Each structure stands twice: as structure tokens, then as C-alpha cells.
Amino acid sequence: MKLLLNVAILLCVSILVYSCHRNQAEESHAIHQVQIPDYALVIHGGAGNIKPELLPEKSRVKYRQALAKALAAGEKVLDEGGEAMDAVIAAIMVMEDDSLFNAAKGAVLTEAGAVELDASLMNGHDLNAGAIAGARHVKNPILAAREVMLNSKHVMLAGDGADQFAAERKLDTVSQDYFITRRRK
């Protein structure tokens, strides 16, 4: 008997926020000083077999703009003195809400034609972590992962349990139609 494996959508968005110490360079001819932030925000817009050189220029521009929007969301949190975890979540949510990325809206479909979503989050200071897998209705999986980390005795919840937990935590839930785009069909 063949084993049918529905591969859950892995949120292949690696976001790393780390503190770094930089000395602000002073130039003798500088008209004004530019403040260099004491952090770095790095995003990755997903995984797959899309080669940029094979995309039309218009599509490449859209991806660059969407990535810039995600960076701006994370930077805004940090510039306003927010926590690194909140910056990570802000950047990921931009990508989850944009159908260009293989995150939530616009995620790759399973063999059965559904969307199953994964997300994970870890705090580097205390190594606390939370994750969801195979969720089908939580609009922003990264928020569910944070809720698991902060408000659950578990590290990971999957499938219906992940969706139920997200609903109990009053996170936005949506029908499968929200996630499925014409492009992915």
C-alpha cells in the first residue's frame, strides 16, 4: 500500500535578529553624521526553485518591494525600542500576508489541494520556543507559534490542535480559501 504523505508547508523564512556593536565612523569631510543602528535584521523570502534571472523584471521588482516592506516592519519595531522577538514577528507577518511568499497566504498546496502551515519561533536569551505544524486556519502562523511559546506548556502543537489553540487565544482564523491563490492552483 502506498503511503500518501501530505507535506506540511514549512515556513522557510529564516529571520535572524542579533545585536552587534559598531563604532560610528567619523569622516572629516562629512556634512552630517549618519547614525548606524546597533542591530542587524536579516530576512529570507523563502525557499524553492525560483531563479531570479528567470523571473520577469516586473516580478523581481515586486519581490524586492515586498522584502523591503518586511524589513521596514521589523526595523520600525527596533527603531522604536521594541524587542527583537516583536521585530521578527512583524517582518514575518508581512510575508505571511503577501501571496508572493510561500508562507500563509499563497502557500504551496498539499497533494490534496489544501494548505497546511508551519511556523516556529525561539528566544535566544532563554531558548524558550514555540511552534505549530499542519495548521489550516490560523491567519498568521507566527502569532500562533508565539502563543504556544508564551502561553502553553507545550513546545509544538499540530493540526486541529494548533488551530483550536489559536482560536482559543483569539487569533484571527480564516477559511482555506483565504490561503489558496490562483497562482498556487
Side-chain angles (χ1 to χ4, degrees), residues 6-20 34-122 130-147 162-163 166 171-185:
N6 284 329
V7 179
I9 304 304
L10 175 61
L11 179 60
C12 289
V13 177
S14 302
I15 295 186
L16 170 65
V17 176
Y18 62 91
S19 294
C20 62
V34 175
Q35 281 205 305
I36 299 172
D38 64 348
Y39 63 81
L41 180 61
V42 180
I43 65 171
H44 184 278
N49 57 4
I50 300 173
K51 294 182 180 178
E53 63 271 12
L54 298 179
L55 288 173
E57 180 61 25
K58 187 176 178 179
S59 294
R60 281 184 274 174
V61 168
K62 284 183 181 180
Y63 276 102
R64 281 190 222 106
Q65 289 171 338
L67 289 168
K69 185 177 174 184
L71 276 175
E75 286 176 343
K76 182 176 189 282
V77 171
L78 295 173
D79 288 344
E80 293 175 356
E83 298 293 321
M85 181 82 59
D86 296 325
V88 167
I89 291 167
I92 290 174
M93 285 180 62
V94 169
M95 289 186 274
E96 286 179 340
D97 292 341
D98 190 325
S99 64
L100 287 174
F101 301 104
N102 179 16
K105 186 172 190 160
V108 173
L109 305 178
T110 65
E111 191 68 27
V115 171
E116 295 178 354
L117 305 163
D118 303 342
S120 62
L121 193 62
M122 178 179 259
I132 62 158
R136 303 181 97 178
H137 298 286
V138 62
K139 182 179 178 199
N140 291 104
I142 195 64
L143 294 177
R146 178 180 63 184
E147 288 299 317
D163 281 318
L171 298 179
D172 289 339
T173 57
V174 293
S175 72
Q176 280 277 293
D177 293 339
Y178 169 81
F179 301 112
I180 300 172
T181 63
R182 194 168 105 198
R183 178 176 154 229
R184 290 302 183 192
K185 281 183 179 180

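What you are looking at is a predicted structure, and each value in this text was computed from that prediction instead of being measured. Throughout, numbering of the chain's residues begins at 1 and tracks the sequence.
Of all heavy-atom pairs spanning Ala104 and Pro141, the tightest one is CB-CD, 3.8 Å. Here the closest heavy-atom approach between residue Ile142 and residue Ser120 is recorded as CD1-O, 3.7 Å. Between Ala166 and Ala144, the closest heavy-atom pair is CB-CB, 4.3 Å. Across all non-hydrogen atoms, the minimal contact from Glu96 to Ala103 is CA-CB, 3.7 Å.
Residue Asp86 holds its CG atom at 11.5 Å from CD of Glu80, rounded to the nearest 0.5 Å. If you take CZ on Phe179 and CD on Glu116, they are separated by 11.5 Å, rounding to the nearest 0.5 Å. Summarising the geometry, atom CD1 belonging to Ile43 is positioned 4.5 Å from atom CG belonging to Leu67; distances are rounded to the nearest 0.5 Å. With rounding to the nearest 0.5 Å, the separation of NZ in Lys58 from NZ in Lys62 is 5.0 Å. In this structure, Asn102 CG and Leu117 CG are separated by 9.0 Å, a value rounded to the nearest 0.5 Å.
Counting non-hydrogen atoms of neighbouring residues, nucleotides and ligands closer than 6.0 angstrom, the CZ atom of Arg183 exceeds 12 such neighbours.
Residues forming a side chain to side chain contact (heavy atoms under 4.5 Å, CB included) with Ile180 (at least two apart in sequence, or on another chain): Leu109, Val115, Gln176, Lys185. With sequence neighbours excluded, the residues forming a side chain to side chain contact (heavy atoms under 4.5 Å, CB included) with Asp172 are Lys139, listed by chain and number. In terms of the side chain to side chain contact (heavy atoms under 4.5 Å, CB included) criterion, residue partners of Arg64 (sequence neighbours excluded) are, by chain and number, Glu57, Arg60, Val61.
Partner of Ile132 under the side chain to side chain contact (heavy atoms under 4.5 Å, CB included) criterion, chosen from Val138, Leu143, Asp118: Val138. Shown are Leu121, Val94, Val77; of these, the side chain to side chain contact (heavy atoms under 4.5 Å, CB included) with Ile89 is made only by Leu121.
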Should Tyr39 and Asp79 be marked as a side chain to side chain donor-acceptor pair (under 3.5 Å) after you check the CA-CA gap, both sets of side-chain angles, and the distance that decides it? CA-CA 10 Å; Tyr39 63 81; Asp79 288 344; 2.6 Å; yes
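Between Leu171 and Asn140, the closest side-chain pair of non-hydrogen atoms is not below 4.5 Å. Residues Asp98 and Tyr63 form no side-chain contact, since every pair of their non-hydrogen atoms from C-beta on lies 4.5 Å or further apart.
In this structure, His137 contributes its side chain and Ser175 its backbone to no donor-acceptor pair below 3.5 Å.
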